[in-house]
Amino acid sequence: MLIIGERINGMFKAVRKAIETKDKKIIQDIAKNQVAAGARMLDVNVGPAAADDVAAMQWLVETVQEAVDVPLAIDSAKPPVIKAGLKVCKRKPLINSTTGEAEKLNLLVGLAKEYNAGLLGLTMDEKGIPNSIQARMEIGLRILACAMEAGLATDDIYLDPVFLPVKFGQAQIPIILQTIRELKTLSDPPPKTVCGLSNTSQGCLDRPMINRTILVMAIAWGLDSAIADPLDKDLMDAMISAELLLNKFIYCDSYLTAYRKAF
Ligand code: THG
């Protein structure tokens, strides 16, 4: 399972401040800690408040790459900000994200080709986030078809059913989980599935418990990767245990340690 570290995001106060003051050390420490804890890719998002977000993304990507050697997910709702990140990426990036909206989809598929990047698609469009499995699937198929037609490998296409806070959209959670399994049936070989895990617990009291419970369930439904907090050790232990119980690697008594050494 690919864990994409979520913590380099201007949504967090310390990160926002570090971007404003150009404090490299704070960003680089967060990057190193996430990789040491098992993140094999890092999400990079300048946050909603960044003043010059194009320049901020470029600085953030360069700063992270000076500290760690993993590929980056370039996270922004704005294509020009994504492009600024792609331009300075040293390793194969993941575009995070497109939606099913035609203009945006075509633009970002083009950028994925131009920069040899993976493409993450949210199953939402200009009408918003759909309520049903079927409507999410239609958008997922639209994104997958457009990307494959342009020549992207299925392996480089990640579909995200858009995890919502349980506090505000409780009835959506089982629908989102079922969508993961359905998305895996769209093609053979299948696209990859991904989610923003911590969305689910936003505004809740016991966030870590909700995060690790939904992660284990989502893995059982076919989740391949998650933007999540690798510094949450209990979350990582739950992820490793779920993979063990799904027979993804061979059991030994010290499987938690063994997994951390091997992956
Ligand atoms: N799908 C994709 N990309 C995504 C998301 C997604 N990127 C952003 C987000 N969702 C995933 N990353 C986070 C990062 C942080 C939090 C949630 C998701 C988070 N932040 C604290 C909060 O909102 O309470 C910030 C407050 C703080 O601690 O300072 O929970 O779904 N493709």
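Sequence positions, counted from 1, serve as the residue numbers for this chain. Excluded from the calculations below are hydrogen atoms, water molecules and symmetry mates; all remaining heavy atoms, backbone and side chain alike, are included. Counting starts at 1 for both ligands and their atoms, following the listed order. Keep in mind the model is a prediction, meaning the values are calculated, not measured.
Heavy-atom distances between Phe12 and ligand 1 reach below 4.0 Å in at least one pair. Using a 4.0 Å heavy-atom cutoff, Arg7 is absent from the residues neighbouring ligand 1.
When non-hydrogen atoms are compared, ligand 1 lies under 4.0 Å from neither the backbone nor the side chain of Val162. Neither the backbone nor the side chain of Val194 comes within 4.0 Å of ligand 1, counting heavy atoms alone. The proximity of Leu120 to ligand 1, defined as any non-hydrogen pair under 4.0 Å, is limited to the side chain.
With salt bridges taken as basic N to acidic carboxylate O contacts below 4.0 Å, one links Arg260 and Asp237. Ionic pairing of Asp125 and Lys104 is not present here: no N-O contact between side-chain nitrogen and carboxylate oxygen is shorter than 4.0 angstrom. The residues Lys17 and Asp23 are annotated as not salt-bridged, no charged nitrogen and carboxylate oxygen being separated by less than 4.0 angstrom.
Looking at heavy atoms from C-beta onward, Tyr115 lies out of side-chain contact with Ile82 at the 4.5 angstrom threshold. Side-chain contact between Leu72 and Val64: present, with at least one pair of heavy atoms (C-beta onward) separated by less than 4.5 Å.
For atom 22 (C) of ligand 1, the closest non-hydrogen atom on the protein side is Arg207 NH1, 3.5 Å. Among all non-hydrogen protein atoms, the one lying nearest atom 20 (N) of ligand 1 is Met11 SD, 3.4 Å. When only non-hydrogen protein atoms are considered, atom 8 (C) of ligand 1 lies nearest to Asp75 OD2, 3.4 Å.
Note: no N/O pair closer than 3.5 Å links Ser198 and ligand 1 by distance alone. In terms of polar-atom proximity, defined here as any N/O pair under 3.5 Å, Asn199 does make such a contact with ligand 1. Residue-to-ligand polar distances keep Asn45 apart from ligand 1: every N/O pair is separated by 3.5 Å or more. Residue Glu6 places no N or O, backbone or side chain, under 3.5 Å from any N or O of ligand 1. Residue Asp160 places at least one N or O, backbone or side chain, under 3.5 Å from an N or O of ligand 1.
Ligand-side atoms of ligand 1 in range of Asn96: 2 (C), 3 (N), 32 (N), range being under 4.0 angstrom from any heavy atom. Annotation for ligand 1: atoms under 4.0 Å from non-hydrogen atoms of Leu122 are 1 (N), 32 (N).
Asp43 and Asn96 are linked by a side-chain donor-acceptor pair at a separation below 3.5 angstrom, with hydrogens and angles left out of the test. At a cut-off of 3.5 Å, with distance as the only test, no side-chain donor of Gln28 or Thr63 sits close to an acceptor on the other residue.
Proximity of the aromatic rings of Tyr255 and Tyr259 is defined here by a centroid distance below 6.0 angstrom, and this criterion is not met.
Cation-pi geometry between Arg7 and Phe12 is met: the NZ or CZ atom falls under 6.0 Å from the ring centre, inside 45° of the normal.
A chain of hydrophobic side-chain contacts below 4.5 Å, direct or via other Ile, Leu, Val, Met, Phe, Trp or Tyr residues, connects Met239 to Phe249.
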